Amino acid sequence: ANDRGLRLSGGGVSVTGVLICFQDVTEVQQLDQMRRDFVANVSHELRTPLTAILGFVETLQGPARGDPAASDRFLSIMATEASRMNRLVGDLLSLSRVEEVSRMRPMDPVDLDQVIRSVLQNLSTVASEAGCALVYERARAEATVPGDADQLLQVITNLVENAVKYGGAGTTVTVTLEDTDEGVGVRKRGYALAVSDDGPGIDNSHIARLTERFYRIDSHRSREMGGTGLGLAIVKHIVNRHRGRMQIDSVFGKGSVFRVLIPAD
Ligand code: ADP
């Protein structure tokens with residue numbers, strides 16, 4: 001029989017078997033659409049700063065040539081736009097790294113308390129420049145999970161950075177670390193790490209989509225704040241990789257709580 005399940009006998013053809021191939025076309029089409037949307041989004045996100053940079057290069061080569069004040073201003077805008085592209089490429093690389101199963105690193109014991117301390121230290125200047133207070137409330141001295149320290153650092157960094165960025169002056173960001181037996185599957189033992197803010201809050205209609213790549217509530221504000229729209233997508237992937245869960249609770253006008261539950265073993 002050939003690969004179509006047909007047997008060729010003499011001059012005629014007799015069917016001896018039929019191979020039926022079922023394929024979930026909808027799923028394939030959806031994946032294909034997602035890939036196309038992603039490529040379109042990335043191209044758009046890269047093109048916006050690139051167009052600005054090219055525009056200013058032309059101005060510097062033409063009308064602004066020999067005007068030091070204008071040159072300084074344009075160069076500083078170009079630097080901002082180039083950093084935006086740099087951040088986007090960095091976030092895209094992070095996302096592809098956490099999505100790529102084959103490059104998974106072995107899970108080492110990671111002390112969440114230490115990771116939180118590092119993040120708060122790293123972000124202390126950014127927070128104080130934004131006029132935002134950082135508070136750490138710890139219900140336990142030691143909390144070790146199997147994981148990847150760099151990736152967990154990125155989870156907490158992204159959540160605290162968002163809280164500072166969208167909250168801003170006069171707000172407080174509180175990080176808490178507690179035991180939990182909730183949402184950590186059959187293992188029944190784990191830690192709940194929460195980043196709470198008393199910032200603007202998020203309307204409930206947006207919450208389910210926040211972890212989608214490039215989903216922003218207010219694109220203009222996100223870009224202005226240096227956001228790439230990938231932060232929470234990266235968080236979600238890393239949390240999944242640690243067999244954890246993420247919960248988002250928010251009251252519009254009052255603040256938000258991003259909780260990450262991670263199994264302890
Ligand atoms: P971005 O790079 O735009 O910050 P994220 O994926 O990190 O992308 O977040 C997606 C969107 O969720 C943001 O654009 C913002 O609108 C909203 N968001 C995230 N964290 C907060 C927060 N703590 N308070 C209010 N809005 C938030």
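Since we're looking at a predicted model, the values are computed, not measured. Counting convention: from 1, in listed order, for ligands and their atoms alike.
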Fill in: Side chain to side chain, Leu54 and Glu58, heavy atoms closer than 4.5 Å
no

Worksheet item: With atoms numbered from 1 as shown, which atoms in ligand 1 lie under 4.0 angstrom from a non-hydrogen atom of Ala163?
Response: 23 (N)

Worksheet, complete the sentence: So the atoms of ligand 1 within less than 4.0 Å of a heavy atom of Gly227 turn out to be 1 (P), 2 (O)

Worksheet item: Hey, is Arg221 touching ligand 1 through its side chain, its backbone, both or neither, going by heavy atoms under 4.0 Å?
Response: neither

Item to complete: Check whether any side-chain N or O of Arg216 sits under 3.5 Å from a backbone N or O of Gly227 as a donor-acceptor pair, and report yes or no.
Response: yes

Worksheet item: Got a sec: does the CD of Glu27 have more than 12 other heavy atoms crowding it under 6.0 Å?
Response: no

Worksheet item: Contact between Met225 and ligand 1, counting heavy atoms under 4.0 Å?
Response: no

Item to complete: Looking only at distances, please establish whether an N/O atom of ligand 1 is found under 3.5 Å from an N/O atom of Asn162.
Response: yes

Discussion item. Please give me the minimum heavy-atom distance between Pro49 and Leu46, naming the atom from each residue.
Written reply: CD-O, 3.3 Å

Worksheet item: Restricting to pairs with a member in residues 121-179, which pass ring-ring contact (aromatic ring centres under 6.0 Å, His included), not counting sequence neighbours?
Response: none

Fill in: Element-labelled atoms of ligand 1 that are located less than 4.0 Å from some non-hydrogen atom of Thr228
2 (O)

Discussion item. Can you name the atoms of ligand 1, numbered from 1 with element, that are less than 4.0 Å from a heavy atom of Tyr215?
Written reply: 10 (C), 11 (C)

Worksheet item: Using heavy atoms and a threshold below 4.0 Å, how should the contact between Ile202 and ligand 1 be classified: side chain, backbone, both, or neither?
Response: side chain

Discussion item. Among all the protein's non-hydrogen atoms, which is closest to atom 23 (N) of ligand 1, and how far away is it?
Written reply: Asp197 OD2, 3.0 Å

Item to complete: Go through ligand 1 atom by atom and flag the ones less than 4.0 Å from a non-hydrogen atom of Arg216.
Response: 3 (O), 14 (O)

Response to the item:
ligand 1 to Gly231, heavy atom cutoff 4.0 Å, flagged ligand atoms 5 (P), 6 (O), 7 (O)

Fill in: From Arg117 atom CZ to Ile156 atom CD1, the distance as rounded to the nearest 0.5 Å
12.0 Å

Worksheet entry | Interfacing atoms of ligand 1 (cut-off 4.0 Å, heavy-atom, Gly229) | 1 (P), 2 (O), 3 (O), 6 (O), 8 (O)

Worksheet item: Can you find an N/O atom of Pro200 closer than 3.5 Å to an N/O atom of ligand 1?
Response: no

Worksheet item: Checking Arg241 side chain against His237 main chain: does a donor-acceptor pair fall under 3.5 Å?
Response: no

Worksheet item: Is the shortest N/O to N/O distance between Ser222 and ligand 1 below 3.5 Å?
Response: yes

Worksheet item: Near Leu210, which atoms of ligand 1 are under 4.0 Å from a heavy atom of that residue?
Response: 12 (O)

Practice prompt. Given side-chain hydrogen bond (donor to acceptor under 3.5 Å, both in side chains), test Asp150 with Gln154 step by step and report yes or no.
Written response: CA-CA 6 Å; Asp150 291 342; Gln154 182 155 26; over 6 Å; no

Item to complete: Give a yes or no answer on whether the side chain of Ser222 reaches the backbone of Asp218 with a donor-acceptor pair at less than 3.5 Å.
Response: no

Fill in: Backbone of Asp111 reached by a side-chain donor or acceptor of Thr144 within 3.5 Å
no

Worksheet item: Which heavy atom of the protein is the closest neighbour of atom 5 (P) of ligand 1, given with residue, atom name and distance?
Response: Leu232 N, 3.6 Å

Worksheet item: Do you reckon Leu93 sits in the same ILVMFWY cluster as Met85, going by side-chain contacts under 4.5 Å, direct or chained?
Response: yes

Worksheet, complete the sentence: Of Asp198, Asp203, Ile217, the one whose closest heavy atom lies nearest atom 17 (C) of ligand 1 is Ile217

Item to complete: Can you pull out the closest protein heavy atom to atom 13 (C) of ligand 1? Residue, atom name and distance to 0.1 Å, please.
Response: Tyr166 OH, 3.4 Å

